[in-house]
Amino acid sequence: MFEKRLLEAAQKAIRELYSQDFDLSKLTIERTKKEIEGDYTIVIFPLLKISRKSPEQTAKELGEVLLKELPVLCGFNVIKGFLNLILSDEYWLSFLAGNYQRQEYGISQVMREEKVVLEYSSPNTNKPLHLGHIRNNLLGYSLANILSANGYPVVKVNLVNDRGIHICKSMLAYMKWGGDETPKSSGLKGDKLIGKYYVLFETHYKNEIRDLMDKGLTEDEAGQQAPLIMEAREILRKWEAHDHETIYLWKQMNGWAYQGFNETYKTLGVDFDRIYYESETYLLGKELVLEGLEKGVLNSREDGSVWIDLSAEGLDEKLLQRSDGTSVYMTQDLGTAQLRYDDYHPSQMIYVVGNEQNYHFDVLKRVLLKLGKPYAPRIFHLSYGMVELPEGKMKSREGKVVDADDLMEEMFSTAGEMTMELGKVSEFPGKEARKLFETIGLGALKYFILKVDPKKNMLFDPKESIDFNGNTGPFIQYTYARINSLVSKAIAQQLMPHQDVLPAGSRLMLQEKEIIKLLMAYPQITKQAADELNPAVVANYVYDLAKSYNHFYQEIPVLKEENADLRQLRLMLSVFTASVIGKSLKLLGIDSPERM
RNA sequence: GGCCCCGUAGUUCAAUGGAUAGAACGGAAGUUUCCUAAACUUUAAAUAUAGGUUCGAUUCCUAUCGGGGCUACCA
């Protein structure tokens with residue numbers, strides 16, 4: 001890689017010029033800004049202490065030595081404290097010719113030994129997936145792709161919250177008011193049917209609380225004593241005691257939910273290698289709690305509840321097991337972590353979970369550390385920001401959510417309307433057209449969500465957020481389709497270049513060079529995205545690339561160019577660009593349409 | 001109250017401590033006898049406030065103001 005060679009040469013040049021060694025980590029080399037002539041820039045300021053000369057003078061001296069030392073350099077300029085180096089066109093051209101058809105470009109050919117377990121999605125079986133889950137799923141799926149491309153063997157796991165007091169709530173509501181309604185009889189998707197009863201519970205529960213408060217109870221007391229919540233607790237107790245009827249209903253309702261989830265996952269285009277159920281891990285969690293008690297790391301109270309005291313570390317006391325012996329979220333997560341470690345011995349266990357659970361994961365890690373678990377330090381909570389609506393946070397208890405299925409369906413129909421309006425694919429058969437609308441609609445949705453830094457909260461306005469023009473998924477997909485059309489024509493006219501032919505002697509236009517530079521950056525981009533666990537790096541990159549290509553395409557002829565060398569160069573550039581756009585989108589979980 | 005995160009054009013997002021803070025949407029003005037106009041070109045418009053560290057701060061530190069989250073025997 002050129003940066004490395006440049007750094008070494010700079011080291012040598014500095015020693016030659018100032019007879020001193022210099023800490024290379026202080027030297028920054030960056031790609032030259034677009035508006036300025038040059039390809040790589042060395043920031044000179046850190047050198048001034050040892051050069052004892054003006055920034056301009058220092059830059060000039062260093063530039064001259066480098067020019068002599070590195071044959072690929074053909075010139076430089078100095079602006080203030082910045083040394084801008086110019087590489088010869090041959091350098092860019094040979095890179096282009098050598099890589100434009102490499103399928104494996106930007107994909108690591110070395111696989112690491114140790115696995116990464118990546119958890120995402122993690123739905124509750126009592127409510128359908130909503131926009132927040134969409135962000136979660138897209139992030140997880142994309143990260144799995146990005147890590148794989150960087151040579152990490154990834155195990156995609158989904159942890160289903162299939163048990164707990166919240167599930168009992170929808171079970172209770174169904175027992176009371178459900179009759180024998182099924183997804184089939186109601187025509188509702190399974191997860192939607194469950195969600196309906198969860199909301200029903202919350203509504204009635206709230207009413208009971210209000211009634212009790214009217215009788216003089218505090219809100220807390222009312223929340224604890226309302227008949228519905230007490231009944232739900234009883235169901236949880238029965239469930240943990242393996243009561244037959246309870247288990248039967250639980251299985252039936254969860255089955256409905258899974259069917260619904262699977263449909264949504266399929267439409268969204270995400271999948272998993274392994275599904276864990278909390279009902280299978282909570283007992284292991286309880287064992288760990290017992291172990292903690294024996295080791296004296298945890299303490300039990302008189303009422304039988306088990307706690308960990310983290311006040312010495314600036315946190316609070318945290319409950320790990322209820323007084324009635326039932327387990328809580330944390331108990332389950334302890335077991336899940338253990339099981340995952342036993343199954344895969346991963347080098348990293350990444351949890352894609354919203355930032356509202358930062359505290360929970362902080363505690364989880366500390367508990368496991370105190371238990372002396374070797375995998376505790378390998379736990380990494382990839383904490384992503386909330387998706388907010390214009391009116392604020394989504395509240396599934398109140399049914400104030402953007403439903404995942406509805407949203408996607410809306411995207412598809414909007415994509416269809418847009419396409420028809422533009423008169424793009426009127427000759428497409430119906431099935432193919434529907435496929436295209438899904439590709440474009442999902443492209444818009446996925447790009448919109450993934451282009452934002454995962455750590456940050458983001459706003460989603462159902463009426464305005466999704467666009468198909470400008471900095472959007474469809475814009476990038478369009479660029480891909482456009483190139484594809486161009487290349488098809490080139491093939492038809494037998495104009496495609498031969499791989500072993502170098503377009504020699506041609507001068508690169510600015511627009512061409514800009515694209516080549518971006519293409520060359522692709523491997524670093526995928527690495528950065530993996531290091532930072534951040535798909536937005538890829539999203540912003542591929543937008544830049546598409547934008548640069550459109551700029552080029554608008555102003556410079558490709559097939560119409562009469563000079564065969566230039567035509568060949570531009571075709572290579574186009575083929576390479578389409579390939580890298582396709583790969584980048586793939587990393588984001590976005591499909592690239594051949595036509596649109 | 002305590003702990004954590006975030007304040008960048010009208011709006012939604014960018015910017016490894018480096019050059020004149022980038023885009024997109026929206027606003028204004030243009031480009032189609034020419035490889036897909038879901039495109040391209042031009043234009044107006046922003047770092048919450050006050051200090052500090054630094055040759056250099058949107059970025060690091062402190063305070064203030066504003067927004068969000070957590071602080072459940074919910075998940």
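Just so it is clear, the structure is predicted and the values come from calculations on it, not from any experiment. As a basis for the values below, the full set of heavy atoms in this structure was taken, side chains included, without hydrogen atoms, waters or symmetry mates. Letters go in sequence order (proteins before strands), and every chain restarts at 1.
Nucleic acid contact class of A:Ile167 (heavy atoms, under 4.0 Å, all strands): none. A:Phe475 comes within contact range of the sugar-phosphate backbone alone, with a heavy-atom separation under 4.0 Å but no base atom that close. At the heavy-atom level, A:Asn484 lies nowhere under 4.0 Å from the strands shown. Among the protein residues, A:Ala481 comes within range of the nucleic acid bases, having at least one heavy atom under 4.0 Å from a base atom. Residue contacts shown for A:Tyr359 are limited to sugar-phosphate atoms, with no base heavy atom under 4.0 Å away. A:Val43 comes within contact range of at least one nucleobase, with a heavy-atom separation under 4.0 Å. Looking at heavy-atom distances under 4.0 Å, A:His551 makes contact with sugar-phosphate atoms alone, never a base. Within 4.0 Å of A:Lys455, counting heavy atoms only, lies no atom of the nucleic acid at all.
Counted by atom type alone, A:Arg233 and A:Gln224 present one or more donor-acceptor pairs between their side chains at under 3.5 Å.
When every heavy atom of A:Met386 is checked against every heavy atom of A:Gly354, the shortest pair comes out as CE-CA, 4.2 Å. Minimum interatomic distance between A:Arg322 and A:Ile165 (heavy atoms only, all atoms of both residues): NH2-CG2, 4.2 Å. The two residues A:Val387 and A:Gly132 have their closest heavy-atom pair at CG2-CA, 4.4 Å. For A:Arg135 against A:Gly385, the heavy-atom pair with the smallest separation is NH1-O, 2.7 Å.
Using a 4.5 Å cut-off on side-chain heavy atoms (C-beta onward), A:Asp39 and A:Leu85 make no contact. Using a 4.5 Å cut-off on side-chain heavy atoms (C-beta onward), A:Met496 and A:Val487 make contact.
Picking from B:U20, B:C35, B:G68 the nucleotide with the shortest atom distance to the side chain of A:Tyr553 gives B:C35. Here the nucleotide nearest the side chain of A:Arg482, chosen from B:U41, B:U36, B:C4, is B:U36. Relative to the side chain of A:Pro46, the nucleotides B:U36, B:G18, B:C73 differ in distance, and B:G18 lies closest. With distances taken from any side-chain atom of A:Asp467 to the nucleotides B:U20, B:C25, B:C35, the minimum falls on B:C25. Among the nucleotides B:A75, B:C25, B:G18, the one closest to the side chain of A:Glu278 is B:A75. Here the side chain of A:Ile165 is nearest to one of B:C74, B:C70, B:G68, namely B:C74. In this structure, of B:A39, B:C35, B:U71, it is B:A39 that holds the atom nearest to the side chain of A:Gln554.
For B:A46 and B:A23, the P atoms lie 15 Å apart once the distance is rounded to whole Å. With both ends at atom C1', the span from B:U71 to B:U59 equals 30 Å, rounded to whole Å. Annotation: B:A21 and B:A48 have their P atoms spaced 15 Å apart (nearest Å). Nucleotides B:U49 and B:A9 are separated by 10 Å at their P atoms, to the nearest Å. Here, B:C40 and B:C3 have their P atoms 49 Å apart, quoted to the whole Å. Taking atom C1' on both nucleotides, B:U8 is separated from B:G67 by 15 Å, rounded to a whole Å. Nucleotides B:G7 and B:C61 have their P atoms positioned 13 Å apart, rounded to a whole Å. Nucleotides B:G66 and B:G26 are separated by 34 Å at their P atoms, to the nearest Å.
The stretch residues 435-447 of chain A participates, sequence neighbours left out, in these side-chain hydrogen bond (donor to acceptor under 3.5 Å, both in side chains) pairs: A:Arg434-A:Glu438, A:Tyr447-A:Asn471. Within the structure, every pair that satisfies the ring-ring contact (aromatic ring centres under 6.0 Å, His included) test and touches residues 465-492 of chain A, not counting sequence neighbours, is listed here: A:Phe475-A:Tyr543.
Side-chain atoms of A:Thr41 come within donor-acceptor range of the base of B:A19, with a qualifying N/O pair under 3.5 Å. Contact annotation: side chain of A:Thr472 to base of B:A24, donor-acceptor pair absent below 3.5 Å.
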What donor-acceptor contacts under 3.5 angstrom involve side-chain atoms of residues 529-536 of chain A, with partners at least two apart or in another chain?
| from | atom 1 | to | atom 2 | distance (Å) |
| --- | --- | --- | --- | --- |
| A:Asp531 | OD2 | A:Lys527 | NZ | 2.7 |
| A:Glu532 | OE2 | A:Gln528 | NE2 | 3.0 |
| A:Asn534 | OD1 | A:Ala536 | N | 2.9 |

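Stacking between A:Tyr478 and B:A39 is absent: the ring centroid is not both under 5.5 Å from the six-membered base ring centre and under 30° in plane angle. Residue ring and nucleobase are not stacked for A:Phe82 and B:G18 under a centre distance beneath 5.5 angstrom and an angle between planes beneath 30°.
A salt bridge links A:Asp453 with A:Lys455; the closest basic N to acidic carboxylate O contact falls under 4.0 Å. A salt bridge links A:Lys286 with A:Glu240: at least one charged nitrogen is closer than 4.0 Å to a carboxylate oxygen.
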Grab the N/O contacts between the protein and nucleotides 10-14 of chain B below 3.5 Å, and write none if there aren't any.
| from | atom 1 | to | atom 2 | distance (Å) |
| --- | --- | --- | --- | --- |
| B:C13 | OP1 | A:Leu459 | N | 2.8 |
| B:A14 | OP1 | A:Asp453 | N | 2.6 |
| B:A14 | OP2 | A:Lys456 | NZ | 3.4 |

Nucleotide N/O of nucleotides 1-3 of chain B paired with protein N/O under 3.5 Å:
none

Could I get a table of every N or O pair under 3.5 Å where one atom is in the protein and the other is in nucleotides 58-61 of chain B?
none

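Phosphate proximity of B:U36 to A:Lys489: present, with a side-chain N or O under 4.0 Å from OP1 or OP2. Phosphate proximity of B:G22 to A:Lys547: absent, as no side-chain N or O sits under 4.0 Å from OP1 or OP2.
In terms of position along RNA chain B, the nucleotide closest to A:Tyr543 lies nearer the 5' end than the nucleotide closest to the other residue of the pair A:Tyr543 and A:Leu236. Comparing A:Asn355 and A:Pro474 against RNA chain B, the residue whose closest nucleotide sits nearer the 5' end is A:Pro474.
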A:Arg301/A:Glu317 under salt bridge (charged side-chain N to carboxylate O under 4.0 Å, His left out): CA gap, chis, key distance, verdict = CA-CA 12 Å; A:Arg301 291 186 182 169; A:Glu317 284 189 281; 3.3 Å; yes
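Every residue meeting the side chain to side chain contact (heavy atoms under 4.5 Å, CB included) condition with A:Arg366, not counting sequence neighbours, appears here in chain and number order: A:Leu310, A:Glu313, A:Leu315, A:Asp362. Scanning for side chain to side chain contact (heavy atoms under 4.5 Å, CB included) contacts around A:Ser465 gives A:Phe448, A:Phe460, A:Asp461, with sequence neighbours left out. Partners of A:Met509 according to the side chain to side chain contact (heavy atoms under 4.5 Å, CB included) rule, which considers only residues two or more places apart in sequence or in another chain, are A:Gln511, A:Glu512, A:Ile556, A:Arg570. A:Lys365 is linked by a salt bridge (charged side-chain N to carboxylate O under 4.0 Å, His left out) to nothing, counting only residues two or more places apart in sequence or in another chain.
Classification of the A:Tyr329-A:His360 ring pair by plane angle, with boundaries at 30° and 60°, yields parallel.
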Dot-bracket summary - RNA chain B, pairs being Watson-Crick or G-U whose distances fall under 3.5 Å, with | when paired to another strand | (((((((..((((....[...)))).(((((.......)))))....(((((..]....))))))))))))....
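Contact check of residues 26-38 of chain A against RNA chain B (heavy atom, cut-off under 4.0 Å) returns A:Thr28, A:Glu30, A:Lys33, A:Ile36.
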